[in-house]
Protein chains: 2
Amino acid sequence: MLELAILGFLCDTPLHGYELRKRLTALIGHVRPVPESTLYPAIKRLEKAGLLARETQPGATAAPRQVLTLTGAGRAELRDRLASPERADITDENRWFVLLAFLRHLPEPSAQAEVLRRRLVFLEEPASFFYDGDRPLRAEELEDPFRRGVLLIARATGEAELRWLRITLESLDGHL
Amino acid sequence: MLELAILGFLCDTPLHGYELRKRLTALIGHVRPVPESTLYPAIKRLEKAGLLARETQPGATAAPRQVLTLTGAGRAELRDRLASPERADITDENRWFVLLAFLRHLPEPSAQAEVLRRRLVFLEEPASFFYDGDRPLRAEELEDPFRRGVLLIARATGEAELRWLRITLESLDGHL
DNA sequence: TGAACATACCTCGACACCGAGGTACTACGT
DNA sequence: ACGTAGTACCTCGGTGTCGAGGTATGTTCA
């Protein structure tokens, strides 16, 4: 999730680590903070993998900046991660939102639609958080008000997202 | 998240690891799988911390079972984790849902309400995934259809959850 | 008979996460 | 002159994650 977001931000424009962290915090910080001790090692990993290059520039106010630029390989990797996301990128809402935030970097509308369809299939699977044996339980069957809440909220989310997915897919398919 | 769910399930009834894993998979497996190589070390950790005890029983069909029982300390720890959740348990929807799934194990309705109020405060903070400087952007201001989607879905979720939170808090406060 | 699958538990090793702490410079207020 | 806050980057160490693999027994079906 973090690496995808880094690649996504750098695809827009080169950034130094400190600024990158601010943008990452705006995107995902309200869910979990983005500590520097997670970010900087991640940058190193991506650099070592040849996905980004760094150039030292004199700092605007303080220490020198390491300006990070996406390489060709980095751009290709981003596209690949967007076009062929892992299952967890589809199923985990946090990761899915990060993916959506950068999906515009996929050049082909058909490839974008393909990714949305994977999410659609996932959401259409009959699933619950709570089961009676193998049978998924509906909110109405639960006594526990908190578990009911989980299902009610999940249902509202799912319905809103399904509506949006169908509209957006129609629009994408119309552009072919 | 995993530890909380283990404590929560064992608070209902003693279980052996294999059965526990099935229940964990039903609860959180659609978001991320629960590998045995994560579960068994977690059980060991909790056992080492004195939060659960194990008793070997002859297996029903195959290998002997390690039946896990919550200790008094484990029950206390569960209540403490439910009553005083970390920030990430409030802000990360995945963790929040797990917390909600076991919140009934908090004996005091007022303590339950206190936890719901923390989530309420978090949801009422003006926040977005996308900013213009410091100003949170609304869905209508975004060109990118995918980023718009993120905000539209998040808004629908937030509204549904706020409705549920207010109703449930009213009901809990009424029981005092 | 034998393969496949389910039950049931476990270790190992690579690696990601992240709090704590460090370095160094600039700016601002008192 | 000094403390605090912001900019900008970094390491270290403890811990959690998880794929790969191992062990053993019972059932089912060809």
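This is a predicted model, so every value here is computed, not measured.
Between B:T38 and D:dC18 there is a side-chain polar atom (N or O) within less than 4.0 angstrom of OP1 or OP2. Phosphate contact (OP1/OP2 of C:dA8, side-chain N/O of B:H16, threshold under 4.0 Å): present. In terms of phosphate contacts, B:R21 brings no side-chain nitrogen or oxygen within less than 4.0 Å of OP1 or OP2 of C:dA6.
In this entry the distance linking CG of B:L39 with P of D:dG16 reads 14 Å, nearest Å. Per the geometry, CG belonging to B:D92 stands 14 Å off P belonging to C:dC17, to the nearest Å. Counting to the nearest Å, the C1' atom of C:dC10 and the OH atom of B:Y18 are 14 Å from each other. Per the geometry, OH belonging to B:Y40 stands 16 Å off P belonging to D:dG19, to the nearest Å. Rounded to whole Å, atom C1' of C:dC15 lies 14 Å from atom CG of A:L46. Between the CD atom of A:E36 and the C1' atom of C:dC17 there is a distance of 15 Å, rounded to whole Å. Put simply, NZ on B:K22 is 11 Å from P on C:dC9, counting in whole angstrom units. One can place CD of A:Q66 at 14 Å from C1' of D:dT7, the figure rounded to the nearest angstrom.
Contact annotation for A:R32: backbone-only contact, meaning every heavy-atom pair under 4.0 Å involves sugar-phosphate atoms and none involves a base. Residue B:R54 is classed as a sugar-phosphate contact, given heavy-atom separations below 4.0 Å to backbone atoms only. Counting non-hydrogen atoms under 4.0 angstrom, B:P41 reaches nothing in the nucleic acid.
The side chain of B:K44 has C:dC10 as its nearest neighbour among D:dG19, D:dT17, C:dC10. Ranking D:dC9, C:dC9, D:dT17 by closeness to the B:L2 side chain, first place goes to D:dT17.
Once rounded to the nearest 0.5 Å, the distance linking CZ of A:R117 with CD1 of A:I90 reads 12.5 Å.
Judged by distance alone, the side chain of B:R32 and the main-chain N or O of A:A88 form no donor-acceptor pair under 3.5 Å. The closest donor-acceptor contact from the side chain of B:S171 to the backbone of B:I167 lies at 3.5 Å or more, if one exists at all.
Nearer to the 5' terminus of DNA chain C, by closest-nucleotide assignment, is the contact made by A:P35 (compared with the other of A:P35 and A:T61).
A:H30 and B:F129 have perpendicular rings, their planes meeting at more than 60° on a 0 to 90° scale where under 30° would count as parallel.
Within the cation-pi definition used here (under 6.0 Å to the ring centroid, within 45° of the axis), B:R147 qualifies as a partner of A:F102.
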